[in-house]
Amino acid sequence: MTVRVRFAPSPTGRLHLGGARTALFNYLFARHHGGQMVLRIEDTDLERNVPGAEQELIEALHWLGLSWQEGPDIGGPYGPYRCTERLAWYQDALRSLQDRGLVYPCFCTPDQLAAERTQALASGQVPRYSGRCRHLSAAEQAAHMERGTPFLWRFAVPEDVVLTWDDAVRGTVSVRADDLGDFVLVKSNGIPTYNFQVVVDDAAMNITHVIRGEEHLSNTPRQLLLYQALDKPAPVFAHLPQVLNSERKKLSKRDPHVEPVLAYREKGYTPEALVNFLALLGWSPGGEQELLSLDELCARFDLARVHRSGAVFDVDKLNWIAGVYLRQQPLPWLTGQVSQQLSEHGLQPPPGSGPDWLERAVALYRDELTCAADFIELAGSVLLQPEVVWQAEALAVLRQPEAAAVVRAYRALAADDPDWTAEASRRRFRAVQQALGVKGKALYLPVRAAVTGRAHGPDLQETIACLPRAWVLARLDNALAEVGQV
RNA sequence: GGCCCUAUCGUCUAACGGUUAGGACGCCGCCCUCUCACGGCGGUAAUAGGGGUUCGAAUCCCCUUAGGGUCACCA
């Protein structure tokens with residue numbers, strides 16, 4: 001039997017990391033088994049649907065490198081792939097349950113139910129539907145209908161039944177149906193609830209494996225009940241561990257580190273890095289290699305190796321992986337990404353810079369980047385503006401005994417050196433060294449401090465060569481003035 | 001509160017009854033080096049607690065504790 005999985009998000013907002021991880025695991029599983037993946041948009045909550053969310057979702061998944069064989073964007077043999085376009089399927093299913101007396105109309109008002117729930121909670125009881133409408137006589141039902149009382153359909157949960165399934169991640173799980181309460185199948189607006197919709201659709205679309213987040217664990221027994229009632233075979237369930245924040249709480253959309261997937265694209269992360277990181281959240285490849293391409297992940301993916309406990313989203317590790325992938329990219333590609341960042345921030349290379357300037361500047365900082373946007377933070381104050389602010393550490397260097405003399409000597413040579421390259425700067429330092437007898441730290445650090453305002457940074461010769469001569473001379477002068485050594 | 005799930009270094013994880021409990025990130029040290037970063041080498045650090053079962057338990061069972069999820073006309 002061909003493996004068929006689905007990723008079934010609701011179009012209520014942007015795709016976040018947790019959702020992306022679920023999509024990725026479905027994708028990896030399908031590809032590993034040579035199966036198919038379906039994208040299904042679960043838009044049955046009319047109120048919460050956000051226009052444009054579906055399009056952005058698809059864009060985010062594509063950016064990550066994921067694809068599917070069937071979906072609202074490309075169609076397929078089991079369509080349509082938006083739930084609101086599948087109402088006929090749910091109506092048929094409801095009719096079949098009605099015929100067998102497995103459902104009943106409920107006329108309780110939302111206020112009534114809310115009041116009961118609050119009361120139950122307050123008195124330490126389990127908040128669960130009382131089943132009041134379950135035992136309404138045919139005459140009472142008819143009277144309500146005649147009066148036009150709004151109603152919904154509930155599933156009559158059988159008593160003394162234990163629902164058990166073999167979860168591909170967690171092993172055997174079982175729940176007593178008595179703990180469930182008669183849950184809603186069709187809302188008063190005629191739209192099915194999630195639990196009903198998902199079963200009808202997964203069955204209709206021949207989904208063989210349902211791989212989803214742990215928060216759905218408690219929905220599973222209800223769905224199992226529906227598969228039985230509808231006389232359909234249940235798929236294999238696999239519940240992925242939750243993705244947690246550093247406080248070990250479920251990743252919330254308000255968490256500072258949790259950004260929509262496309263925010264990572266906007267910052268110039270490589271999607272391969274994000275995918276690699278996400279794959280390691282709750283799953284391990286087994287061997288000791290953990291830097292793996294999408295193809296390698298597909299080859300190795302196995303539900304049996306999915307961990308059971310929640311996984312904390314570790315920003316440090318993401319950034320490390322992101323840096324590794326970024327360093328593997330060709331320089332021209334990275335330069336293009338950085339160039340995009342610059343224009344988005346309204347920044348430009350220094351005046352008089354040649355066409356190769358940005359590539360040289362990016363080469364200087366590439367070792368430190370986790371994403372293209374980092375370039376601005378790292379290089380911005382040194383390379384993109386004429387003036388520099390001297391940090392305390394830099395001023396301390398400039399106040400050392402021989403420092404001012406070195407800076408003055410270097411400035412004199414830089415002022416009329418016809419050659420403005422890294423190699424030329426290197427020659428100037430050699431000249432200063434011979435003239436003053438200063439070498440090593442005492443030679444380079446004062447100039448570094450004066451030119452960049454910092455005691456640390458990438459290669460000094462290249463940095464100077466990337467700056468206009470006028471900026472360098474002015475900074476050297478200003479640095480001397482700053483420490484009273486003019 | 002009921003039900004369900006979970007528990008190995010700070011974090012991601014390996015181990016599927018027998019290992020000096022392994023790797024990665026982070027952190028620390030050393031090397032490289034004008035400094036930083038990259039890279040290389042080394043180090044720090046864990047089986048939540050208590051009972052069983054067993055020749056032998058991180059691994060199997062029970063209890064405790066602690067986290068999380070869920071109990072919607074949301075998905």
Side-chain angles (χ1 to χ4, degrees), chain A residues 8-10 12 42-45 47-48 83 106 108-110 113-114 117 120-129 150-154 167 169-170 173-176 178-181 183-195 197-198 212-221 239 241-242 244 246 248-250 277 280-291 304-305 307-321 323-324 327 364-369 378 393 397 429 439-449 452 454-461:
Chain A
S10 57
T12 53
E42 309 214 322
D43 54 354
T44 52
D45 187 346
E47 324 264 274
R48 295 205 310 164
C83 296
C106 171
C108 299
T109 68
L113 296 170
R117 187 165 43 249
L121 245 17
S123 62
Q125 302 292 304
V126 178
R128 188 186 300 153
Y129 179 60
F151 68 96
L152 44 75
W153 290 94
R154 283 184 190 274
D167 196 285
V169 170
R170 277 145 216 283
V173 182
S174 59
V175 179
R176 295 209 322 277
D178 294 354
D179 294 322
L180 263 24
F183 53 95
V184 177
L185 253 34
V186 178
K187 305 182 254 186
S188 55
N189 64 1
I191 308 284
T193 59
Y194 167 71
N195 280 122
Q197 167 268 120
V198 81
R212 67 211 327 189
E214 184 183 344
E215 65 271 22
H216 288 292
L217 208 46
S218 58
N219 282 323
T220 309
H239 289 94
Q242 212 111 56
L244 312 171
S246 45
R248 299 205 74 85
K249 299 275 190 259
K250 182 180 173 184
F277 172 73
L280 262 17
L281 264 189
W283 173 78
S284 88
E288 300 210 322
Q289 187 193 349
E290 53 183 19
L291 258 18
R305 296 200 67 88
H307 216 244
R308 282 181 294 274
S309 53
V312 173
F313 179 89
D314 182 1
V315 199
D316 286 333
K317 185 141 182 178
L318 168 62
N319 285 335
W320 174 74
I321 292 182
V324 171
R327 269 171 252 131
L364 267 181
Y365 285 92
R366 81 188 299 187
D367 284 351
E368 297 178 62
L369 306 179
L378 257 19
E393 215 180 350
V397 167
F429 274 104
K439 58 178 182 177
K441 285 188 188 190
L443 175 66
Y444 295 98
L445 279 187
V447 176
R448 170 183 290 286
T452 68
R454 293 141 200 275
H456 309 294
D459 187 84
L460 183 57
Q461 318 306 344

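The sequence lines fix the lettering, A, B, ..., with proteins before strands; numbering per chain opens at 1.
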When we call it a touch if two heavy atoms are under 4.0 Å apart, what does [X] touch: a base, just sugar-phosphate, or nothing?
X: A:L152; result: base
X: A:C83; result: nothing
X: A:T193; result: sugar-phosphate

Cut-off 3.5 Å, side chains only: do A:S218 and A:H216 have a donor facing an acceptor?
->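 No - no donor-acceptor pair under 3.5 Å links their side chains.
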Mind calculating the distance between [atom1] ([X]) and [atom2] ([N]) to the nearest angstrom?
X: A:E215; N: B:C4; atom1: CD; atom2: P; answer: 19 Å
X: A:L281; N: B:A24; atom1: CG; atom2: C1'; answer: 13 Å
X: A:F183; N: B:C3; atom1: CZ; atom2: C1'; answer: 15 Å
X: A:R248; N: B:G69; atom1: CZ; atom2: P; answer: 12 Å
X: A:L217; N: B:C5; atom1: CG; atom2: P; answer: 7 Å

Would you tell me if any nitrogen or oxygen in the side chain of [X] comes within less than 4.0 Å of OP1 or OP2 on [N]?
X: A:H239; N: B:C4; result: no
X: A:R327; N: B:G39; result: yes
X: A:K187; N: B:A75; result: yes
X: A:K441; N: B:U33; result: no
X: A:T44; N: B:A75; result: yes
X: A:S284; N: B:A14; result: yes
X: A:R366; N: B:C36; result: no
X: A:R117; N: B:A72; result: yes

Report yes if the distance between the aromatic ring centroids of A:F277 and A:F313 is under 6.0 Å, otherwise no.
-> yes
Would A:R154 count as a cation-pi partner of A:Y129, with NZ or CZ less than 6.0 Å from the six-membered ring centre and within 45° of the ring normal?
->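 Judged by the rule, A:R154 and A:Y129 form a cation-pi pair.
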Salt bridge check: are A:E368 and A:R327 linked by an N-O gap of less than 4.0 Å?
->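 So A:E368 does not pair with A:R327 through a salt bridge.
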